[in-house]
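Order of appearance sets the numbers: ligands from 1, and atoms from 1 within every ligand.
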Amino acid sequence: MKQKKLLYTGKAKSVYRTDVKGKLIVEFRDDITAFDGGKKDTLKNKGCYNAGVSAFFFSCLEKNGVKTHFLEMLDEKRMVVRELSMIPLEVIVRNLAAGSIVRNYPFKEGTPLKPPVIVIDYKDDSRHDPMLNDDLIIALRLATPAELKRIKTIALRVNTILSNMLAQQGITLVDFKMEFGWQGKTIYLGDEISMDSMRLWDKKTGESLDKDVYRFNKGDVMATYNRVAARITKVPGAAKKAVRVPKKTRKQAR
Ligand code: ATP
Ligand code: TYD
């Protein structure tokens, strides 16, 4: 597969056309940002960790019947994906209260949310990603009621699969963000699922194992990403070097 024209450069990833119709290459760069781009850095190997963990999660989700955009890894930072027409929604599932809902509502940090709370933001940096509700999503024609119901059902299914998987590694999935898109008449889970888009706490110590380490200067971000990537993917030797996606999960048979 040949990488062609750059389609889009976001805050942490670049998206390229390929010589194959309907397939794109997503490159996970080493850039990290927080607070609406207010804090920015470039951290060596960060792209490899997020790409490796995303590929691992997407593969596991596919095995559990969730349709994702992931097709294969080209190398440690570049993922071949289905080209989606992205729905500009940030679908966040929350299992424990943390982050913006603690800042904005009277939740005590760490309070379990049962059933999990789904929060959907409008993906528009110029408007600072305002929170939506079902009526707004429908009025803005971002999704029909049936599509919204489907998106929420998939989001909760992904939450159950990932929460259970992470629990086995002694990690609590506090909250995470998903993006969805269309290819033809099918909704796929797109973008990434990585330490940048999740809040993960060590079950025993409560230690942050995600981008909060960067947001709040809690320690060495790369050391944390390295350790957590190794723990999540359980790749031998991953704690020493960048995560490689295990051969088994490199190529999805489709
Ligand atoms: P944010 O950090 O708020 O998510 P961003 O646009 O800066 O925004 P990046 O992750 O750097 O985010 O950029 C990746 C872009 O590629 C996003 O706009 C995302 O919606 C888009 N994207 C992800 N997966 C696909 C796909 N399969 N097809 C088309 N576009 C995709
Ligand atoms: P949230 O608590 O709303 O925001 P903040 O991280 O600023 O406190 O975030 C909830 C989860 O969703 C968290 O794991 C990070 C993820 N997320 C993203 O990956 N991108 C986003 O644009 C937003 C708003 C959240």
Side-chain angles (χ1 to χ4, degrees), residues 6-18 21-40 46-47 50-51 54-55 58 67-71 77-105 107 109-110 113 116-132 155 158-159 162-163 166 171-184 186-201 208-216:
L6 176 69
L7 257 187
Y8 177 77
T9 300
K11 293 193 283 292
K13 302 194 289 299
S14 298
V15 182
Y16 295 88
R17 284 225 169 281
T18 68
K21 197 168 170 263
K23 291 188 184 180
L24 299 175
I25 292 172
V26 175
E27 181 198 356
F28 288 68
R29 304 195 314 272
D30 287 344
D31 301 324
I32 187 164
T33 69
F35 308 118
D36 237 350
K39 183 172 177 183
K40 281 187 206 171
K46 185 238 169 199
N50 281 2
S54 283
F58 284 139
K67 290 188 165 69
T68 80
H69 70 160
F70 177 64
L71 294 170
K77 285 186 179 177
R78 290 184 306 151
M79 183 182 280
V80 182
V81 300
R82 290 170 192 275
E83 177 173 7
L84 303 181
S85 168
M86 296 304 290
I87 305 168
L89 298 176
E90 301 203 322
V91 181
I92 297 163
V93 180
R94 300 175 176 278
N95 296 303
L96 300 181
S100 63
I101 64 159
V102 170
R103 292 195 299 275
N104 298 332
Y105 304 94
F107 285 111
E109 182 169 71
L113 302 169
V117 170
I118 300 181
V119 173
I120 305 186
D121 292 346
Y122 182 42
K123 190 173 159 72
D124 183 341
D125 280 345
S126 69
R127 293 186 162 81
H128 308 289
D129 300 343
M131 190 192 286
L132 295 167
V158 171
N159 181 50
L162 297 187
S163 294
L166 287 162
I171 298 172
T172 302
L173 177 55
V174 176
D175 55 37
F176 69 112
K177 185 262 307 179
M178 281 162 280
E179 292 182 29
F180 294 90
W182 291 97
Q183 195 178 65
T186 307
I187 295 181
Y188 289 89
L189 175 60
D191 206 50
E192 70 177 283
I193 302 187
S194 73
M195 288 75 80
D196 274 12
S197 61
M198 312 176 102
R199 199 166 263 124
L200 303 170
W201 291 351
S208 286
L209 304 172
D210 56 66
K211 196 156 96 173
D212 273 354
V213 176
Y214 174 72
R215 285 191 191 94
F216 305 113

Chemist: Give a yes-or-no answer on whether the side chains of Asp210 and Ser208 include a donor-acceptor pair shorter than 3.5 Å.
Modeler: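 Note: Asp210 and Ser208 side chains miss the donor-acceptor criterion.
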
Chemist: Tell me, which protein residue and heavy-atom name are nearest atom 7 (O) of ligand 2, and how many Å apart are they?
Modeler: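 Nearest protein contact, heavy atoms only, for atom 7 (O) of ligand 2 is Arg103 NH2, 3.3 Å.
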
Chemist: Show the atoms of ligand 2 that are less than 4.0 angstrom away from any heavy atom in Asp121.
Modeler: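 Close to Asp121: 24 (C).
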
Chemist: Which residue owns the protein heavy atom closest to atom 10 (C) of ligand 2, what's the atom, and how far is it?
Modeler: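 Here the nearest protein heavy atom works out to Arg94 NH2, 3.6 Å.
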
Chemist: Taking distance alone, with N or O pairs closer than 3.5 Å, would you say Glu192 contacts ligand 1?
Modeler: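 N/O-N/O distance below 3.5 Å does not exist for this pair.
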
Chemist: Can you check whether Phe176 reaches Ile92 side chain to side chain, under 4.5 Å on heavy atoms?
Modeler: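 No, every pair of side-chain atoms sits at 4.5 Å or beyond.
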
Chemist: Is Arg82 reaching over with its side chain to a backbone N or O of Lys23, donor-acceptor style, under 3.5 angstrom?
Modeler: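 No; judged by distance alone, with no hydrogens or angles, the pair does not exist.
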
Chemist: Identify, for atom 2 (O) of ligand 2, the protein heavy atom at the shortest distance, and state residue, atom and that distance.
Modeler: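 Ranking protein heavy atoms by distance from atom 2 (O) of ligand 2, first comes Ser100 N, 2.8 Å.
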
Chemist: Please state which part of Arg82 comes within less than 4.0 Å of ligand 1, counting heavy atoms only: side chain, backbone, both or neither.
Modeler: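 Just the backbone.
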
Chemist: Under 4.0 Å from a heavy atom of Leu24: which atoms of ligand 1 are those, numbered in the order shown and with their elements?
Modeler: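 Within the 4.0 Å cut-off of Leu24, ligand 1 contributes 28 (N), 29 (C).
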
Chemist: If the cut-off is 4.0 Å to any non-hydrogen atom of Lys123, which atoms of ligand 1 fall inside it?
Modeler: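 Contacts of ligand 1 toward Lys123, numbered from 1: 1 (P), 3 (O), 4 (O), 5 (P), 6 (O), 8 (O), 18 (O), 20 (O).
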
Chemist: Using a 4.0 Å heavy-atom cut-off, which part of His69 comes near ligand 1: side chain, backbone, both, or neither?
Modeler: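 Side chain only.
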
Chemist: Charged N to carboxylate O under 4.0 angstrom, Asp175 versus Arg199?
Modeler: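 Here Asp175 pairs with Arg199 in a salt bridge, since their nearest N and O are under 4.0 Å apart.
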
Chemist: Look at the side chain of Tyr105 and the backbone N and O of Ser100, then say whether any donor-acceptor pair between them is shorter than 3.5 Å.
Modeler: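 No; zero donor-acceptor contacts below 3.5 Å.
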
Chemist: Charged N to carboxylate O under 4.0 angstrom, Glu83 versus Lys21?
Modeler: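 Looking at Lys21 together with Glu83, the answer is no, because their closest N to O distance does not fall below 4.0 Å.
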
Chemist: With a heavy-atom distance limit of 4.0 Å, tell me whether Lys211 approaches ligand 2 through its side chain, its backbone, both, or neither.
Modeler: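 Neither; no heavy atom under 4.0 Å.
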
Chemist: Side chain, backbone, both or neither: which part of Val81 comes within less than 4.0 Å of ligand 1 when only heavy atoms are counted?
Modeler: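 Side chain only.
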
Chemist: Show which atoms of ligand 2 fall inside a sub-4.0 Å distance from at least one heavy-atom site of Met198.
Modeler: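 Selected atoms, number and element: 14 (O).
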
Chemist: Counting only N and O atoms by type, is there a donor-acceptor contact under 3.5 Å from the side chain of Asn95 to the main-chain atoms of Leu173?
Modeler: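 Pair found, side chain donor or acceptor close to backbone of Leu173.
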
Chemist: Can you tell me if Ser54 uses its side chain to pair, donor with acceptor, with the backbone of Ala51 under 3.5 Å?
Modeler: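 No, Ser54 side chain to Ala51 backbone: no donor-acceptor pair under 3.5 Å.
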
Chemist: Looking only at N/O atoms, are Lys11 and ligand 1 under 3.5 Å apart anywhere?
Modeler: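 In this structure, Lys11 places an N or O atom under 3.5 Å from an N or O of ligand 1.
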
Chemist: Just jot down the ligand 1 atoms closer than 4.0 angstrom to any heavy atom of Glu179, in number order.
Modeler: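 Counting from 1, the qualifying ligand atoms are 4 (O), 19 (C), 20 (O).
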
Chemist: Which part of Thr33 is near ligand 1, with near meaning a heavy atom under 4.0 Å away: side chain, backbone, both or neither?
Modeler: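 The answer is neither.
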
Chemist: What part of Lys123 sits under 4.0 Å from ligand 2 if we count only heavy atoms: the side chain, the backbone, both or neither?
Modeler: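 Answer for Lys123: neither.
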
Chemist: Atom 13 (O) of ligand 1: which protein heavy atom is closest, and how many Å away?
Modeler: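 Result: Tyr8 CE2, 3.5 Å.
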
Chemist: Parallel, tilted or perpendicular: which describes the rings of His69 and Phe58, with under 30° parallel and over 60° perpendicular?
Modeler: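 Perpendicular.
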
Chemist: Heavy-atom distances under 4.0 Å decide this one: backbone, side chain, both or neither, for Lys13 against ligand 1?
Modeler: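 Both of them.
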
Chemist: What residue and atom, counting heavy atoms only, is the protein's closest point to atom 28 (N) of ligand 1, and at what distance?
Modeler: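 Nearest protein contact, heavy atoms only, for atom 28 (N) of ligand 1 is Leu84 N, 3.0 Å.
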
Chemist: Name the residue from Asp36, Thr33, Asp125, Asp196 that meets the side-chain hydrogen bond (donor to acceptor under 3.5 Å, both in side chains) definition with Lys11.
Modeler: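 The side-chain hydrogen bond (donor to acceptor under 3.5 Å, both in side chains) with Lys11 is passed solely by Asp125 among Asp36, Thr33, Asp125, Asp196.
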
Chemist: One residue to check: Asp191. Relative to ligand 1, which of side chain, backbone, both or neither has a non-hydrogen atom less than 4.0 Å away?
Modeler: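 Near ligand 1, Asp191 shows its backbone as well as its side chain.
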
Chemist: I'd like to know if Lys177 contacts ligand 1, where contact means a heavy-atom distance under 4.0 Å to any ligand atom.
Modeler: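 Contact present.
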
Chemist: Within the 4.0 Å heavy-atom shell around Val15, which atoms of ligand 1 are there?
Modeler: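 Counting atoms of ligand 1 from 1, those under 4.0 Å from Val15 are 16 (O).
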
Chemist: Considering distance alone, does some N or O of Met86 sit under 3.5 Å from an N or O of ligand 1?
Modeler: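 In this structure, Met86 places no N or O atom under 3.5 Å from an N or O of ligand 1.
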
Chemist: Among Val174, Asp212, Ile171, Leu166, find the one that has a side chain to side chain contact (heavy atoms under 4.5 Å, CB included) with Met198.
Modeler: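 The single option meeting the side chain to side chain contact (heavy atoms under 4.5 Å, CB included) with Met198 is Leu166.
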
Chemist: Below 4.5 Å, heavy atoms only, C-beta onward: do Phe70 and Leu189 meet side chain to side chain?
Modeler: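 No; the side chains remain at least 4.5 Å from each other.
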
Chemist: Out of Arg199, Glu90, Lys11, indicate the one that has the non-hydrogen atom closest to atom 21 (C) of ligand 2.
Modeler: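 Going through Arg199, Glu90, Lys11 one by one, Glu90 has the nearest heavy atom to atom 21 (C) of ligand 2.
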
Chemist: Looking at atom 25 (C) of ligand 2, what's its closest protein heavy atom, distance included?
Modeler: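 The closest heavy atom on the protein side is Ile92 CD1, 3.9 Å.
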
Chemist: Is Asp196 touching ligand 2 with its side chain, its backbone, both, or neither, if touching means heavy atoms under 4.0 Å apart?
Modeler: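 Backbone only; the side chain of Asp196 stays clear of ligand 2.
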
Chemist: Specify the protein heavy atom at minimum distance from atom 15 (C) of ligand 2: its residue, its atom name, and the distance to 0.1 Å.
Modeler: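 Of the protein heavy atoms, Arg215 NH2, 3.8 Å lies nearest.
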
Chemist: Verify, without hydrogens or angle tests, whether Gln183 (side chain) and Tyr188 (backbone) share a donor-acceptor contact under 3.5 angstrom.
Modeler: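 No; judged by distance alone, with no hydrogens or angles, the pair does not exist.
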
Chemist: Ignoring angles and geometry beyond distance, decide whether Ala12 reaches within less than 3.5 Å of ligand 1 through its nitrogen or oxygen atoms.
Modeler: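 By distance alone, the answer is yes.
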
Chemist: Would Asp175 count as a polar contact of ligand 2, with the cut-off being nitrogen or oxygen pairs under 3.5 Å?
Modeler: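 So ligand 2 has an N or O lying under 3.5 Å from an N or O of Asp175.
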
Chemist: Quick check: are there more than 12 heavy atoms from other residues, nucleotides or ligands sitting under 6.0 Å from NZ of Lys39?
Modeler: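 Yes, NZ of Lys39 has more than 12 neighbouring heavy atoms, counting only those of other groups under 6.0 Å.
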
Chemist: For Tyr188, which part has a heavy atom under 4.0 Å from ligand 1: side chain, backbone, both, or neither?
Modeler: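 Looking at Tyr188 and ligand 1, no heavy atom falls under 4.0 Å.
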
Chemist: Note the single closest protein heavy atom to atom 17 (N) of ligand 2, along with its residue, its atom name and the distance in Å.
Modeler: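 Atom 17 (N) of ligand 2 sits closest to the protein heavy atom Lys177 CB, 3.6 Å.
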
Chemist: Between Glu179 and Lys177, does any NZ, NE, NH1 or NH2 come within less than 4.0 Å of an OD or OE carboxylate oxygen?
Modeler: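 Salt bridge: yes.
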
Chemist: Do Asp31 side-chain atoms and Ala12 backbone N/O form a donor-acceptor pair below 3.5 Å?
Modeler: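 Checking the backbone N and O of Ala12 against the side chain of Asp31, no donor-acceptor pair under 3.5 Å is found.
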
Chemist: Can you name the atoms of ligand 2, numbered from 1 with element, that are less than 4.0 Å from a heavy atom of Gly99?
Modeler: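 Answer for ligand 2: 2 (O), 8 (O).
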
Chemist: Taking the side chain as C-beta and beyond, is there a heavy-atom pair between Ser14 and Leu6 under 4.5 Å?
Modeler: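 Ser14 reaches Leu6 side chain to side chain.
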
Chemist: Can you find a pair of side-chain heavy atoms, one from Val26 and one from Phe28, that are under 4.5 Å apart?
Modeler: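 When only atoms from C-beta onward are counted, Phe28 and Val26 do touch, with a gap below 4.5 Å.
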
